[in-house]
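Here the structure comes first, spelled out in structure tokens, and everything after it is commentary.
Along the sequence shown, residues carry numbers from 1. Owing to the predicted nature of the structure, the values given are computational and were not obtained by experimental measurement.
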Amino acid sequence: MTVAKYEEGLTDNLRDLCARVHTGRYRPQPVRRVYIPKADGGKRPLGVPALEDKIVQSAVAEVLSAVYEADFLGFSYGFRPGRNPHMALDALHTAIMSQHVNWVLDADIRSFFDSVDHEWLLRMLAHRIADPRILRLIGLWLRAGVFESGEKQETDRGTPQGAGISPLLANIFLHYILDLWTHQWRRRRARGRIVIVRYADDFVMGFESKADAQEMLLALKARLAGFGLTLHEDKTRLIEFGRFAAVSRQQRGERRPETFAFLGFTHYCGRTRDGRFIVKHKTEGKRLTRKLTALRQEVWRFMHAPLAMQHEWLTAVLRGHYGPMADRTTIRRSTASTAKCVGPGCAV
């Protein structure tokens with residue numbers, strides 16, 4: 001069913017859909033699975049729900065979002081209203097610059113969206129949501145299966161990326177298994193300061209103490225394993241990083257601290273023009289190479305176009321590249337006053 005076809009009888013279609021949802025006759029269709037290329041050469045599975053399923057999921061997500069926004073912690077930035085990746089990057093920058101961060105844990109959960117345990121997720125939802133109709137709808141979507149190569153396949157784990165409800169369900173799942181647990185762990189077990197910033201299933205932790213960092217890494221692996229999740233070994237690293245790490249490594253005659261990647265940017269220790277320490281970031285090398293290759297192909301395609309058209313297109317490309325940097329500077333200035341916040345609503 002296309003949007004144009006559905007709009008021909010929009011009022012009647014929506015009334016019928018609403019009636020089926022309230023009477024329990026609504027049944028979601030299997031999600032059509034497609035694949036898009038990943039940076040490492042693999043393929044990422046995406047789910048394309050049917051039109052009516054998108055409509056109902058959007059309505060349920062709007063209701064649930066209003067409920068859980070009161071519960072989510074401040075260091076969670078992914079897929080939340082009024083928040084974006086630039087805010088997560090600036091929160092990380094402010095935390096490292098203002099706190100005693102000597103070690104950084106750059107973590108990534110392996111195949112998170114494909115590994116979410118349905119039973120655990122529904123139990124977590126039932127802890128906050130009492131309406132059985134909402135819980136039933138979410139259960140139907142989780143068990144709807146996928147349609148691939150002309151065949152329906154049953155699913156017992158995961159939330160399909162591409163479905164409107166998936167980002168919120170992922171945030172709820174991580175809120176219980178990671179955010180609340182981490183917040184309690186750093187209050188009860190940590191000997192030094194700990195900061196954290198999370199965007200979806202990518203998160204970065206900063207530690208004052210190496211012992212805290214090593215203990216957290218072991219505890220985190222055990223915590224995730226209890227819910228059927230694992231850390232991506234190639235993308236999870238514990239590195240010495242920060243203002244004091246840079247000084248101590250220089251005194252030991254070692255190279256400057258290693259770098260780490262977060263939300264498409266490589267973060268590294270640098271110096272300002274007057275010699276002060278600063279955390280800098282630049283576009284990840286692999287991403288930049290891929291983008292430049294794609295731009296080179298586009299330039300060849302435009303080579304016979306009028307010069308004014310080429311100039312307009314290249315100008316738009318450059319605005320898109322430099323615009324977010326200006327936005328981050330503005331956000332950083334506006335949030336600088338919250339750097340000393342130490343409550344659950346802050347990265348620190």
Original post:
Could you walk me through whether Arg271 and Ile278 pass the side-chain contact (heavy atoms from CB on, under 4.5 Å) check?
Top reply: CA-CA 5 Å; Arg271 295 284 176 181; Ile278 188 173; 5.7 Å; no
Less than 4.5 Å apart, side chain to side chain, heavy atoms only: is that true for [X] and [Y]?
{"X": "Leu169", "Y": "Val116", "value": "no"}
{"X": "Tyr199", "Y": "Leu89", "value": "no"}
{"X": "Val197", "Y": "Tyr77", "value": "yes"}
{"X": "Ile165", "Y": "Leu137", "value": "no"}
{"X": "Met97", "Y": "Phe277", "value": "yes"}
{"X": "Arg193", "Y": "Phe207", "value": "no"}
{"X": "Val104", "Y": "Val101", "value": "yes"}
{"X": "Glu119", "Y": "Arg123", "value": "yes"}

Answer yes or no: is there a donor N or O on one side and an acceptor on the other, between the side chain of [X] and the main chain of [Y], under 3.5 Å?
{"X": "Ser248", "Y": "Phe244", "value": "yes"}
{"X": "Asn13", "Y": "Gly9", "value": "yes"}
{"X": "Arg83", "Y": "Ser76", "value": "yes"}
{"X": "Gln310", "Y": "Phe302", "value": "yes"}
{"X": "Arg186", "Y": "Trp181", "value": "no"}
{"X": "Arg136", "Y": "Gly24", "value": "yes"}
{"X": "Thr272", "Y": "Arg276", "value": "yes"}
{"X": "Arg33", "Y": "Leu46", "value": "no"}
{"X": "Ser58", "Y": "Gly164", "value": "no"}
{"X": "Asp212", "Y": "Ile194", "value": "no"}

Original post:
Have Tyr26 and Asp16 got a donor and an acceptor in their side chains that come within less than 3.5 Å?
Top reply: no
**OP:** Using the side-chain contact (heavy atoms from CB on, under 4.5 Å) rule, take Leu229 and Ile177 through it: C-alpha gap first, then chi angles, then the decisive distance, then the call.
**Re:** CA-CA 10 Å; Leu229 301 174; Ile177 72 170; 3.4 Å; yes
How about [X]: does its [atom1] atom have over 12 heavy atoms from other parts shown lying under 6.0 Å from it?
{"X": "Glu298", "atom1": "CD", "result": "yes"}
{"X": "His100", "atom1": "NE2", "result": "no"}
{"X": "Arg27", "atom1": "CZ", "result": "yes"}
{"X": "Arg255", "atom1": "CZ", "result": "no"}
{"X": "Gln153", "atom1": "CD", "result": "yes"}

Original post:
Parallel under 30°, tilted from 30 to 60°, perpendicular over 60°: which one fits the rings of His267 and His281?
Top reply: tilted
Measure across [X] and [Y] and return the closest heavy-atom pair with its distance rounded to 0.1 Å.
{"X": "Leu135", "Y": "Ile129", "result": "CD1-O, 3.7 Å"}
{"X": "Arg237", "Y": "Ile239", "result": "NH1-CG2, 3.6 Å"}
{"X": "Trp103", "Y": "Ser209", "result": "CD1-C, 4.2 Å"}
{"X": "Pro49", "Y": "Lys54", "result": "O-CE, 3.4 Å"}
{"X": "Ala88", "Y": "Leu263", "result": "CB-CD1, 3.8 Å"}
{"X": "Leu142", "Y": "Thr155", "result": "O-OG1, 3.2 Å"}

**OP:** Apply salt bridge (charged side-chain N to carboxylate O under 4.0 Å, His left out) to Lys210 and Glu240, showing your working.
**Re:** CA-CA 9 Å; Lys210 182 179 181 180; Glu240 192 175 11; over 6 Å; no
Between [Y] and [X], is there a salt bridge with N-O shorter than 4.0 Å?
{"X": "Glu208", "Y": "Arg191", "value": "no"}
{"X": "Asp114", "Y": "Arg157", "value": "no"}
{"X": "Arg252", "Y": "Glu254", "value": "yes"}
{"X": "Asp71", "Y": "Arg128", "value": "yes"}
{"X": "Asp202", "Y": "Arg198", "value": "no"}
{"X": "Arg110", "Y": "Glu233", "value": "no"}

Subject >> Val317 and Leu295: CA distance, side-chain angles, deciding distance, side-chain contact (heavy atoms from CB on, under 4.5 Å) verdict >> reply: CA-CA 9 Å; Val317 171; Leu295 287 176; 3.9 Å; yes
**OP:** With side-chain contact (heavy atoms from CB on, under 4.5 Å) as the test, would you mind laying out the steps for Thr159 and Trp141 before giving the verdict?
**Re:** CA-CA 9 Å; Thr159 60; Trp141 290 325; over 6 Å; no
**OP:** Is it possible for you to check whether Lys282 lies under 6.0 Å from the centre of the six-membered ring of Phe265, through NZ or CZ, and within 45° of that ring's axis?
**Re:** no
**OP:** Give a yes/no verdict on a cation-pi contact between Arg32 and Phe147, requiring under 6.0 Å between NZ or CZ and the six-membered ring centre and an angle within 45° of the axis.
**Re:** no
If hydrophobic clusters are built by linking Ile, Leu, Val, Met, Phe, Trp and Tyr wherever their side-chain heavy atoms come under 4.5 Å apart, do [X] and [Y] end up in the same one?
{"X": "Val56", "Y": "Val146", "result": "no"}
{"X": "Val31", "Y": "Ile55", "result": "no"}
{"X": "Leu10", "Y": "Leu51", "result": "yes"}
{"X": "Ile134", "Y": "Val67", "result": "yes"}

Original post:
Does Phe173 have its ring centroid less than 6.0 Å away from the ring centroid of Trp120?
Top reply: no
Subject >> Candidates Ile196, Leu178, Leu73 - the one meeting side-chain contact (heavy atoms from CB on, under 4.5 Å) with His183 >> reply: Leu73
**OP:** Test side chain to side chain donor-acceptor pair (under 3.5 Å) on Glu52 and Tyr6 and set out the steps.
**Re:** CA-CA 9 Å; Glu52 285 195 334; Tyr6 201 80; 3.0 Å; yes
